[in-house]
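Order of the sequence lines fixes the chain letters, A, B, ..., with proteins taken first and strands second; residue numbering starts at 1 for each chain.
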Amino acid sequence: MDNDSFQMRALNLLLQIPKGRVTTYQELAHAMGTRAYRAVGTAMAKNQFLGKYPCYKVVKSSGEVGQYAGETWKKIELLRDEGLEIRDGKIVDFKKVLFRADEFKV
DNA sequence: CATCTGACACAGA
DNA sequence: GTCTGTGCCAGAT
């Protein structure tokens, strides 16, 4: 199915993130039961099903937006469309909009 | 099988 | 709070 690879599992979890909320590579990996936060980012970079999966909702644990297909500005614009406030590349009230690992559906 | 890479995270200064 | 170095995992070479 669409859930047989590490990458697909990560992308699938993105669909659970409500509008106006974001998650981090760390939390996302933790929700998958692994510590491969590096691999999560790498997986996204190799395959972005932009439009299919909201990969722009995945940011760094520090609250910075992070990279996005070499066009970080676009990631920021998309996040702003979600209603998020971004200040100098960092999400305002980051903790408020953060979708924690334990919030993901079991 | 060995080595490098990367949309990251954490510890130390 | 910042900056630098090291560790991490899965996939690619």
Just wondering, are more than 12 heavy atoms of other shown residues or ligands nearer than 6.0 Å to CD in A/Glu103?
yes

What is the distance, rounded to the nearest whole Å, between atom [atom1] of [X] and atom [atom2] of [N]?
X       : N      : atom1 : atom2 : result
A/Tyr37 : C/dG11 : OH    : P     : 17 Å
A/Leu28 : C/dA10 : CG    : P     : 14 Å
A/Gln7  : B/dA7  : CD    : P     : 13 Å
A/Ile76 : B/dA7  : CD1   : P     : 16 Å
A/Met32 : C/dC8  : CE    : C1'   : 15 Å
A/His30 : B/dC10 : NE2   : C1'   : 15 Å
A/Phe94 : B/dC8  : CZ    : C1'   : 12 Å
A/Lys74 : B/dA7  : NZ    : P     : 18 Å

For A/Thr42 and A/Val59, take the nucleotide of DNA chain B holding the closest heavy atom to each; which residue's nucleotide lies nearer the 5' end?
A/Thr42

Would you check if the side chain of A/Gln7 reaches a backbone N or O of A/Ala43 as a donor-acceptor pair within less than 3.5 Å?
yes

Check for a donor-acceptor pair, side chain of A/Lys75 on one end and backbone N or O of A/Val58 on the other, with a separation under 3.5 Å.
yes

Residue [X], side-chain atoms from C-beta onward, closest of [options]:
X       : options              : result
A/Met44 : C/dA12, B/dA7, B/dA9 : B/dA7
A/Gln67 : B/dA9, B/dC8, C/dA10 : B/dC8
A/Phe6  : B/dA9, C/dG11, C/dC9 : C/dG11
A/Cys55 : C/dC9, B/dA7, B/dC8  : B/dA7

Have a look at A/Ala39 and say if it touches a base, only the backbone sugar-phosphate, or nothing, with a 4.0 Å heavy-atom cut-off.
base

Contact class for A/Tyr25 (heavy atom, under 4.0 Å): base, sugar-phosphate, or nothing?
base

Distance test, side-chain N/O of A/Gln26 to OP1/OP2 of C/dC8, below 4.0 Å
no

Closer than 4.0 Å, any side-chain N/O of A/Thr34 to the OP1 or OP2 of C/dC9?
no

Taking C-beta and beyond as the side chain, do A/Leu15 and A/Tyr53 meet within less than 4.5 Å on heavy atoms?
yes

Whether the side chain of A/Arg38 and the base of C/dC9 hold a donor-acceptor pair under 3.5 Å is what I'd like checked.
no

Tightest non-hydrogen contact, residues A/Leu79 and A/Tyr56, listed as CD2-O, 3.4 Å

Take A/Arg35 and A/Lys46, find for each the nucleotide of DNA chain C with the closest heavy atom, and name the residue whose nucleotide sits nearer the 5' end.
A/Arg35

